[in-house]
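In this text the structure is predicted, and so the values were computed from the model without any measurement.
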Amino acid sequence: MGGEGSASQLVENNGRSICMVDVNSVWSNWRSRGFSCDIWTDPPGQTWEDYTHTADEAVMTMDGDVEFEINGKVLRPPVGEEVFIPAGVVHSVRNRGKTTSRWVYGYKIGR
């Protein structure tokens, strides 16, 4: 979990460092590991509760305040940090912020 996807660091005018996800790099990395890759967008307050999938899933927040609950463990990863969700594991996704959130997701292909 974490660190295998790609993110780029940018510095704003006020000197604050922010993380921007390089979707092309993530797509390339995930594809080389056998995952699909797409972008999901959720409005503020959107929740997806108690899902399971037959394939392993990788997710990565691009922007917003996204919370993942995986098998009862709540994670709020920073933008650009990859989270792995094993096949068959109950998980939920929640946009906890007051703005639209976007996150990259992909499923293990051919499993």
**OP:** For side chain to side chain contact (heavy atoms under 4.5 Å, CB included), just list the numbers for Arg76 and Asp65, CA-CA rounded to whole Å, side-chain angles, deciding distance to a tenth of an Å, and then say yes or no.
**Re:** CA-CA 8 Å; Arg76 290 178 98 169; Asp65 184 7; 2.7 Å; yes
**OP:** Looking only at non-hydrogen atoms, find the nearest pair between Met62 and Val23 and report the distance.
**Re:** CE-CG2, 3.5 Å
Original post:
How far apart are the closest heavy atoms of Lys108 and Ala55, and which atoms are they?
Top reply: O-CB, 3.6 Å
**OP:** Side-chain contact test, heavy atoms from C-beta onward, threshold under 4.5 Å: evaluate it for Val104 versus Val59 and give yes or no.
**Re:** no
Original post:
For the hydrophobic clusters of this structure (ILVMFWY residues joined by side-chain heavy atoms under 4.5 Å, transitively), does one cluster hold both Val90 and Leu75?
Top reply: no
Original post:
Are the side chain of Asn95 and the backbone N or O of Pro43 linked by a donor-acceptor pair below 3.5 Å?
Top reply: yes
**OP:** Go through the structure and list residues passing ring pair (Phe, Tyr, Trp, His ring centres under 6.0 Å) with Tyr107, not counting sequence neighbours.
**Re:** His53, Tyr105
Original post:
What closest approach, in Å, do Val26 and Cys37 show between heavy atoms, and which atom pair accounts for it?
Top reply: CG1-SG, 4.3 Å
Original post:
At their closest point, which heavy atom of Thr61 faces which heavy atom of Phe68, and how far apart are they?
Top reply: OG1-CE1, 3.7 Å
Original post:
What are the two closest heavy atoms between Asp56 and Phe35, and how far apart are they?
Top reply: O-CE2, 3.7 Å
**OP:** Please identify each residue that fulfils salt bridge (charged side-chain N to carboxylate O under 4.0 Å, His left out) with Glu69, with sequence neighbours left out.
**Re:** Arg94
Subject >> side chain to side chain contact (heavy atoms under 4.5 Å, CB included) evaluation trace for Trp40 with Val93 >> reply: CA-CA 11 Å; Trp40 193 263; Val93 182; over 6 Å; no
Original post:
What is the ring orientation for His91 with Tyr51, classed by angle as parallel under 30°, tilted 30 to 60°, or perpendicular over 60°?
Top reply: tilted
Original post:
If we only count heavy atoms from C-beta on, is the Thr100 to Asp42 side-chain gap below 4.5 Å?
Top reply: no
**OP:** Could you tell me the separation between the OG atom of Ser25 and the CH2 atom of Trp27, rounded to the nearest 0.5 Å?
**Re:** 11.5 Å
Original post:
What heavy-atom pair brings Ile70 and Phe84 nearest, and what distance separates the two atoms?
Top reply: CD1-O, 4.1 Å
Original post:
Do the non-hydrogen side-chain atoms of Val66 and Arg96 ever get within less than 4.5 Å of each other?
Top reply: no
Original post:
Roughly how far apart are Ile85 CD1 and Asn71 CG, rounded to 0.5 Å?
Top reply: 11.0 Å
